[in-house]
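Some notes on the structure that comes next.
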Amino acid sequence: MEPTSEYTETYDYYDTGYNDSGCDYSEWEPSYSLIPVLYMLIFILGLSGNGVVIFTVWRAKSKRRAADVYIGNLALADLTFVITLPLWAVYTALGYHWPFGVALCKISSYVVLVNMYASVFCLTCLSFDRYLAIVHSLSSGRLRSRATMLASLGAIWFLSCLLAVPTLLFRTTVDDTGSNRTTCAMDFSLVTLNQDHESLWIAGLSLSSSALGFLLPFLAMTVCYCFIGCTVTRHFSHLRKEDQKKRRLLKIITTLVVVFAFCWTPFHVLKSMDALSYLDLAPNSCGFLHFLLLAHPYATCLAYVNSCLNPFLYAFFDLRFRSQCLCLLNLKKAMHGHMSSMSSTLSAQTQKSEVQSLATKV
Amino acid sequence: MNVKILTLVIVLVVSLLCSASAGPMASTEHSKEIEEVGSMRTPLRQNPARAGRSQRPAGWRRRRPRPRLSHKGPMPF
């Protein structure tokens, strides 16, 4: 009972919107309806878009590039990342009441964290692969072998599963008898002696997840692209046809990285400021903390948006991907047309020929 | 005349000393009140809290309870 009482005490302050220092932490009422709508939109777009990417990469008949395998895994991570959003939409719509039980609280939180890490690690490996292909194109053959790629993918998922373990351990449901609501949140009462000790745990985990899940990977990607930029600039006027293809793929991956940074930076900045305020290294005034609490759900939405933007980036920038996708869709249409009538078949064959011609040009 | 002046000076000095010592005493009383309130609110955690306080670095303040970001979704930790 005692470990729960401290948590309940904290939650009571949240429920009433005030704590013992007189701060008002009331939620902005429109958030209870706006955030769930955004979650569901992201869910629909992310599920459909990433599903198409996975299908295209899996069914592609042409030889898969190393980048395609990473992009496929990135799409898998993004799809799994958004798949639990309906639960969180309901949670928010009910005023942060979790009706799905302890198991789903833990599992859905864990899945989100695993795939958050997996997404950023896939992007990092994509960047490193491009670095090897462009900067060390003559000597990177062994490093870019199939075995190495499979090993790196294994490491990505293993490391992601490992780094997300704290959420599996500490996420739980806590009942608040005063408001008849149950929250799904981190509970450190099993490992902490007092409030100060708990603050250290919160700050430590929060800062470490931002460092490992955003800052360090982003720095690694930046370094890779600096070297790539220098190399491309040096040899810009002597690009061969094969190098032009590499450069086109480079644009796609660069765009993915820029969009990633745009979507995730606000989330990690807010989270880190919150963590630092627990250590008295950032402002902890009422107004500042209230701002963090109000802005956090929207920063989270922006982070989730990244997961459903990636498929559209492929569709717009990667001609090869678009061609493959059209071929697959056209094959299905051709099969359907053949079963219905000869004229439809003829039309489908014509379209297929056009698509093949387009593929050849690409 | 000199005896009177000397007596007055001594009285003034003693008064000043008494007024100066009143501040720390008031602070001490306030601290005791806080401890009593804390004891009433969380009697079972009193000893660990005191032990923790005695070992805290200078300037370390007790955390104000507040809502956590983890209430609002699957991220962050």
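Order of the sequence lines sets the chain letters (A, B, ...), proteins ahead of strands, with each chain counted from 1.
- Side-chain contact between B:K72 and A:E27: present, with at least one pair of heavy atoms (C-beta onward) separated by less than 4.5 Å.
- Considering only residues two or more places apart in sequence or on other chains, A:S109 meets the side-chain hydrogen bond (donor to acceptor under 3.5 Å, both in side chains) condition with none of them.
- Annotation: A:F43, atom CZ; neighbour count of heavy atoms from other residues, nucleotides and ligands within 6.0 Å is above 12.
- Heavy-atom contacts from other residues, nucleotides or ligands closer than 6.0 Å to CZ of A:F291 number 12 or fewer.
- Heavy-atom pairs under 4.5 Å with chain B peak, among A:H197, A:R171, A:H268, at A:R171.
- In this structure, A:H296 NE2 and B:S70 OG are separated by 8.5 Å, a value rounded to the nearest 0.5 Å.
- The nearest pair of heavy atoms linking A:L292 to B:L69 is O-CD2, 4.0 Å.
- Among all heavy-atom pairs drawn from A:Y91 and B:G73, the shortest one is CE2-N, 4.3 Å.
- Both the backbone and the side chain of A:L205 have a heavy atom closer than 4.5 Å to some heavy atom of chain B.
- Checking side-chain atoms of B:R68 against main-chain N and O of A:A185 turns up no donor-acceptor pair under 3.5 Å.
- Taking both residues in full, the closest heavy atoms of B:P74 and A:L113 are given as O-CD2, 3.4 Å, listed atom of the first, atom of the second, then distance.
- Heavy-atom minimum distance, A:Y25 versus B:P67: CD1-CD, 3.1 Å.
- In the model, A:S277 has a side-chain atom that pairs as donor or acceptor with a side-chain atom of B:R66 under 3.5 Å.
- In this structure, OG in A:S210 is found 10.5 Å from CE in B:M75, a value given to the nearest 0.5 Å.
- In this structure, the portion of A:L294 lying under 4.5 Å from any heavy atom of chain B is its backbone and not its side chain.
- Only the side chain of A:I202 comes within less than 4.5 Å of a heavy atom in chain B; its backbone stays farther off.
- For a residue to count as touching a neighbouring chain, one of its non-hydrogen atoms must lie under 4.5 Å from one of that chain's; by this rule A:F170 does not touch chain B.
- For the options A:S209, A:S208, A:S206, A:C105, heavy-atom pairs under 4.5 Å to chain B are most numerous at A:S209.
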